[in-house]
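Chain identifiers are assigned alphabetically (A, B, ...) following the order of the sequence lines, protein sequences preceding nucleic acid strands; residue numbering begins at 1 within each chain.
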Protein chains: 2
Amino acid sequence: MAKDEDASRPAGLVFDAWRGVLFATSRTLQIAEPDLIAKAGFPLTWLDVLAQLYDAGDDGLRMQELEGRSLFTRSGLTRLVDRIETAGLVRREAVPGDRRGVRVVLTAEGRRRHDAAFIDHNILIERKFGRRLTEVQLRAVAEALAPFWHDDEAPTEG
Amino acid sequence: MAKDEDASRPAGLVFDAWRGVLFATSRTLQIAEPDLIAKAGFPLTWLDVLAQLYDAGDDGLRMQELEGRSLFTRSGLTRLVDRIETAGLVRREAVPGDRRGVRVVLTAEGRRRHDAAFIDHNILIERKFGRRLTEVQLRAVAEALAPFWHDDEAPTEG
DNA sequence: TATCAGTTATTGACATAGCAGATACTGTCG
DNA sequence: CGACAGTATCTGCTATGTCAATAACTGATA
């Protein structure tokens, strides 16, 4: 018994929605990742970092700030930035007035590669994700999941 | 569609919807993973496998089938199943009539641990994901993203 | 029955991420 | 100055995932 209603929230509904979110993410990323590597020559993790630095402007970001805006740990970021730096897409610079700190800045090459990758990536997301939903559905999903943008569980840097 | 409003172009919509899906997944998993490890003693990857085997019934699943139902590669699965087997939660058995094959089956202990973990995990998903959406939103998300469950991505551009 | 292409699963070499501890610097207090 | 607590970043060890190559087996063919 206990068909579904009665409970303010049918358990199966949450499960189905969660499953949808999970699979949409995984499936799309599984296509987007190799695509990005083929076209841009670097993985999504790099694009995350490059995009953050792009948005941050000319002064770049400190490792600490980068950590706050990404889904990596500090040590993971250190190595990630190492690789991107070795590839010449970012540069570590001294922070005036704090010799402990480092700020990470896009190089000209990094900016170029970011721009190209960003465009390619968005086209792919449109094709593999967006195209599977109607406009009404897109709007519903975007609206329903918007709360997760600003995460109240995680510390948000100001 | 052909709803041409300047304020909400489909491109921006796709981006917002994708961003929502991405963030909902990341934020929720970042909480669910440590929680599961604390309560069940194993990570989400194990639960994925255990849940698939649970659903599959007494005969379990072959590695191949497990691969099709999960988001791992074959070799990744081999090692994942190795670990779970070492922990005693699954068992590899011969497949009658095909000596290449292996079928993976839940042990009694595996079933117990699965049940407990599944309950805990669902409670957490309800709390951290489901509770942020209304029932209408849940329904909309579940419906919109259901196509991703069975992903038969057309090999050519679709 | 010998062979050969295809299938199933594992293994080896390698890449990347996390945790915990190390390293380098800052600012304060005596 | 010298000690100390706090901050910013990096490194060592380890865990886990992927790709490419391998081993074991199947079914068909000559």
Over 60° means perpendicular and under 30° means parallel, so classify the ring planes of Phe148(A) and Phe129(B), tilted if in between. parallel
Atom CE of Met63(B) and atom P of dA24(D) are separated, to the nearest Å, by 18 Å
OP1, OP2 of dT8(C) versus side-chain N and O of Arg62(B): anything below 4.0 Å? no
Could you give the CZ-to-P distance, from Arg100(B) to dC25(D), as a whole number of Å? 10 Å
Grab the CG-C1' distance between Leu71(A) and dT16(C) for me, whole Å please. 15 Å
Short N-O contact, Arg113(B) and Glu109(B), less than 4.0 angstrom: yes
Heavy-atom closest pair, residues Met63(B) and Val104(B): SD-CG2, 3.6 Å
Gln64(A) CD to dC10(D) P: how many Å, rounded? 12 Å
Hey, could you give me each pair passing ring-ring contact (aromatic ring centres under 6.0 Å, His included) that has a residue in residues 26-48 of chain B? Not counting sequence neighbours. Phe42(B)-Trp46(B)
Glu67(B) atom CD is separated from dT10(C) atom P, nearest whole Å, by 12 Å
How long is the span from the CD1 atom in Ile84(B) to the CG atom in Leu89(B), to the nearest 0.5 Å? 7.0 Å
So with a 6.0 Å cut-off around CG of Asp58(B), is the heavy-atom count from everything else above 12? no
Please give, in whole Å, the distance from dA23(D) P to Asp98(B) CG? 19 Å
Name every residue in residues 73-95 of chain A that has at least one heavy atom under 4.0 Å from any atom of DNA chain C, in order of residue number, or write none if there are no such residues. Thr73(A), Ser75(A), Gly76(A), Arg79(A), Arg83(A)
Stepwise salt bridge (charged side-chain N to carboxylate O under 4.0 Å, His left out) test for Asp35(A) and Lys128(A): CA-CA 11 Å; Asp35(A) 179 84; Lys128(A) 299 303 178 183; over 6 Å; no
Give me the residues of residues 33-45 of chain B where at least one heavy atom lies under 4.0 Å from an atom of DNA chain D, by number, or none. Thr45(B)
Looking only at the side chain of Phe72(B) (C-beta and beyond, no hydrogens), which of the listed nucleotides dT8(C), dT18(D), dA8(D) gets closest? dT18(D)
Looking at CH2 of Trp18(B) and OG1 of Thr28(A), how far apart are the two atoms once the value is rounded to the nearest 0.5 Å? 4.5 Å
Looking at Glu67(A), I'd like to know if its CD atom is crowded, meaning that more than 12 non-hydrogen atoms belonging to other residues, nucleotides or ligands lie closer than 6.0 Å. yes
d(CZ, Arg99(A); C1', dT7(D)) in whole Å: 15 Å
Gln30(B) atom CD is separated from dA17(C) atom C1', nearest whole Å, by 13 Å
